[in-house]
Every structure is written in C-alpha cells, then in structure tokens.
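Because only heavy atoms are used, hydrogens play no part in the values below, and waters and symmetry mates are left out as well, while side chains stay in. Residue numbers start at 1 and run along the sequence shown.
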Amino acid sequence: MAIIRSLPSATLDVPAPSAPRHHLRAVDRDEVIDVAEFLPPGATWLPAPPHTLPTLPGQPPMVGYLVLIPADSPHLTRTDPVTPLPAEAEPLVRIDTVQRTAQLNGEELDLTYLEFELLAHLVAHPHRVHTRDQLVTTVWGYGHVGDGRTVDVHIARLRRKLGVEHRKAIQTVRRVGYKYTPPTAR
C-alpha cells in the first residue's frame, strides 16, 4: 500500500558567479542553452512533461525542466525544519494502486473507476495545484471529449465520499483548479 507524504521545501544555495547572470530570460526557438553551467555539482536535469506546465491563453507553450539534486548536496539548504512525523500522524487517505483500493481512516471508500483515478492522482501529488485541463488529460486521457465541468462533478462526488470532516482535503483554487492537502490524524 503506497503512503504518500510531502517533502519539505528546499532552496538551492549556489555560490554566485563572478559576473552576474540572469536565471530567467526569453529564449529564441533556435537558440541552444548550456544549462549545465547553472547546475550545482552532481545535479542532473530533464525536460518537464508538457502536461505539468501551465498554459497561458494567447501565449506560446512553456518549456520547463526538472532539476534533480542529490539529497546530500552541500548546495541544498532546507527552508523548512525537517521534523519526523509522529506515529499518530499517519496519513488518513491511503491508496493501493495494485488492489485499486482507497481507504480513509482504515475504512475502504466505494469509488468508481474515474473517482479512484482522480483521487490517486491528487494524493500522489499533494499540495500541487492541478488545472482542470491537466486533470482531464492525466485522468481521462488525451482522447476525452468534454470540459472542466466533468472534473468539477467528480471532485464534488469525491468530497461527498470523503465526508464532512475530510472534504476540505480537496481544495478549490479559484480560476485555476484543485489541490489535495492531506488530512492527518489528530
């Protein structure tokens, strides 16, 4: 059974080069950038999947990269204190993707196929804001014909099944989409 926990945020403490340089700037379509000079030693990078990037109406698609930094890197500075979760703070929502079951407080939730897929995706990416289009693409698939209202209906059903006490775990981000904030035991 998969137990998903969010990691504390971290920042990169990279020594400043002798000449100042901008980390963000517009790039021409045919321009080649050597990103290795921006990375600390031991870090690697790879292109971010297009469905994870925001889209702006009337603007060209964005390009993004995932930067992977070793946990023991001296350039990694934690901004949040790392405190171990006490034993009683186990996540209340558990997803078992092998048996395709979801549990809340140890009780199995009765979910449809799409409700399970939606909840599993949200639980796998806690605190991340998902647009309706991203959820349709990820959960329903590229061939789905419909709109964001389909997502709204399924979110409402999931909230009902989570119950009054835990329905706020799936939060609405106005004019954007939804995010999952894991409830924990008290």
- Approximate separation, where rounding is to 0.5 Å, of L158 CG and R160 CZ: 9.5 Å
- Going from NE2 on H130 to CG on L135, what distance comes out if it is rounded to the nearest 0.5 angstrom? 6.0 Å
- Query: Can you find a pair of side-chain heavy atoms, one from R132 and one from Y178, that are under 4.5 Å apart?
  - Reply: yes
- Which heavy-atom pair separates Q134 from V129 by the least distance, and what is that distance? OE1-O, 3.9 Å
- Item | Reported CG-to-CG distance for the pair L104 and L92, which is rounded to 0.5 angstrom | 6.5 Å
- Query: Between CD of E117 and OG1 of T97, what distance do you get to the nearest 0.5 Å?
  - Reply: 9.5 Å
- Which atom names give the shortest non-hydrogen contact between W140 and L114, and what distance separates them? NE1-CD1, 3.3 Å
- Should the pair R94-E108 be classified as a salt bridge under the 4.0 Å nitrogen-to-oxygen rule? no
- Item | Flag side-chain contact, heavy atom, 4.5 Å: F116 against I95 | yes
- State, with a plain yes or no, whether a side-chain heavy atom of L109 is found less than 4.5 Å away from one of Q103. no
- Message: Using side-chain heavy atoms (C-beta onward) and a distance below 4.5 Å, is E115 in contact with H154?
- Response: yes
- Task: Give the minimum heavy-atom separation between D110 and K161, together with the two atoms involved.
- Result: O-NZ, 2.8 Å
- Query: Can you hop from V93 to Y113 via hydrophobic side chains spaced under 4.5 Å?
  - Reply: yes
- Task: Specify the closest pair of heavy atoms between H166 and L162, including all atoms of both residues, with the distance to one decimal.
- Result: CB-O, 3.7 Å
- Query: Is the closest side-chain heavy-atom distance between D152 and T172 below 4.5 Å?
  - Reply: no
- Item | From OG1 (T181) to NZ (K168), nearest 0.5 Å | 12.0 Å
